[in-house]
Amino acid sequence: MRSQTVGAFLADEYPRLVEPVIAELLAADELDVVDIAVVDWNGRTLAADAPITEALLRFRDADGSSMAVVFDGGGPGESDAEFAGRLRSDLQDFIAESTFGWGQLRG
């Protein structure tokens, strides 16, 4: 990942890296029950100029269960493909443990 701020991530990398994973793993009606946000470690939504290194990509279902992907969790040399793979793996686990996708392994 190359973005330095939340705004740059949302404009440049979210459409390229996150949206394809979401489209692969979540059905359209499930998007209505899953809240996706870029937040800080306390769960607060971050401003566009916030550093991406302080951000998490959080997925939360209607029952309040959530998971988050740390943007720099793969280290400074993490490629776009590695980030997308890490996101896919974590999101698969979240879906399998959620009320809407209990026990399902997708993708």
Side-chain angles (χ1 to χ4, degrees):
M1 291 191 20
R2 294 171 191 82
S3 294
Q4 299 297 312
T5 65
V6 169
F9 169 79
L10 292 173
D12 301 331
E13 292 170 325
Y14 187 90
R16 270 189 315 109
L17 303 177
V18 178
E19 287 179 357
V21 172
I22 291 170
E24 176 186 348
L25 298 178
L26 292 173
D29 62 326
E30 293 169 338
L31 287 173
D32 293 336
V33 298
V34 176
D35 175 56
I36 304 167
V38 178
V39 299
D40 66 12
W41 289 95
N42 294 312
R44 294 181 299 246
T45 302
L46 291 169
D49 61 348
I52 198 70
T53 55
E54 298 176 9
L56 306 167
L57 183 62
R58 182 193 66 207
F59 293 79
R60 184 172 50 201
D61 69 14
D63 293 333
S65 298
S66 65
M67 60 82 64
V69 175
V70 179
F71 286 105
D72 62 351
E78 183 177 51
S79 70
D80 288 352
E82 290 167 330
F83 172 78
R86 188 164 53 88
L87 171 63
R88 181 177 289 105
S89 176
D90 290 352
L91 188 54
Q92 282 176 328
D93 292 345
F94 172 68
I95 292 167
E97 296 169 5
S98 71
T99 55
F100 65 85
W102 181 254
Q104 297 176 19
L105 180 61
R106 300 181 185 182

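Keep in mind that this is a model prediction, so the values were computed, not measured. No hydrogens, no waters, no symmetry mates; every other heavy atom, side chains included, goes into these values. Positions are given from 1 along the sequence.
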Do you know the tightest heavy-atom contact between [X] and [Y]?
X     : Y     : value
Val6  : Ala47 : CB-O, 3.6 Å
Glu78 : Glu82 : CA-OE1, 3.2 Å
Ala11 : Pro15 : O-CG, 3.7 Å

Checklist entry - For Val69 and Phe83, what are the C-alpha separation, side-chain angles and deciding distance, and is it a side chain to side chain contact (heavy atoms under 4.5 Å, CB included)? => result CA-CA 9 Å; Val69 175; Phe83 172 78; 3.8 Å; yes
Drop me the distance from [X]'s [atom1] to [Y]'s [atom2], to the nearest 0.5 angstrom.
X     : Y     : atom1 : atom2 : result
Thr5  : Ile52 : OG1   : CD1   : 7.0 Å
Glu13 : Asp80 : CD    : CG    : 5.5 Å
Phe9  : Arg16 : CZ    : CZ    : 9.5 Å

Next on the checklist: For the backbone of Asn42 and the side chain of Asp40, can you confirm whether one donor and one acceptor N or O come within less than 3.5 Å of each other?
Outcome noted: yes
Checklist entry - Just by modelled atom types, is the Val21 backbone N or O under 3.5 Å from a matching donor or acceptor in the Glu24 side chain? => result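 No; judged by distance alone, with no hydrogens or angles, the pair does not exist.
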Are [X] and [Y] packed together at the side-chain level, in the sense that at least one heavy-atom pair is separated by less than 4.5 angstrom?
X     : Y     : value
Thr53 : Gln4  : no
Asp35 : Phe59 : no
Val38 : Thr45 : no
Arg60 : Met67 : no
Leu46 : Val39 : no

Checklist outcome for this item: Exactly one of Leu25, Ile22, Val18 clears side-chain contact (heavy atoms from CB on, under 4.5 Å) with Leu87, and that residue is Val18
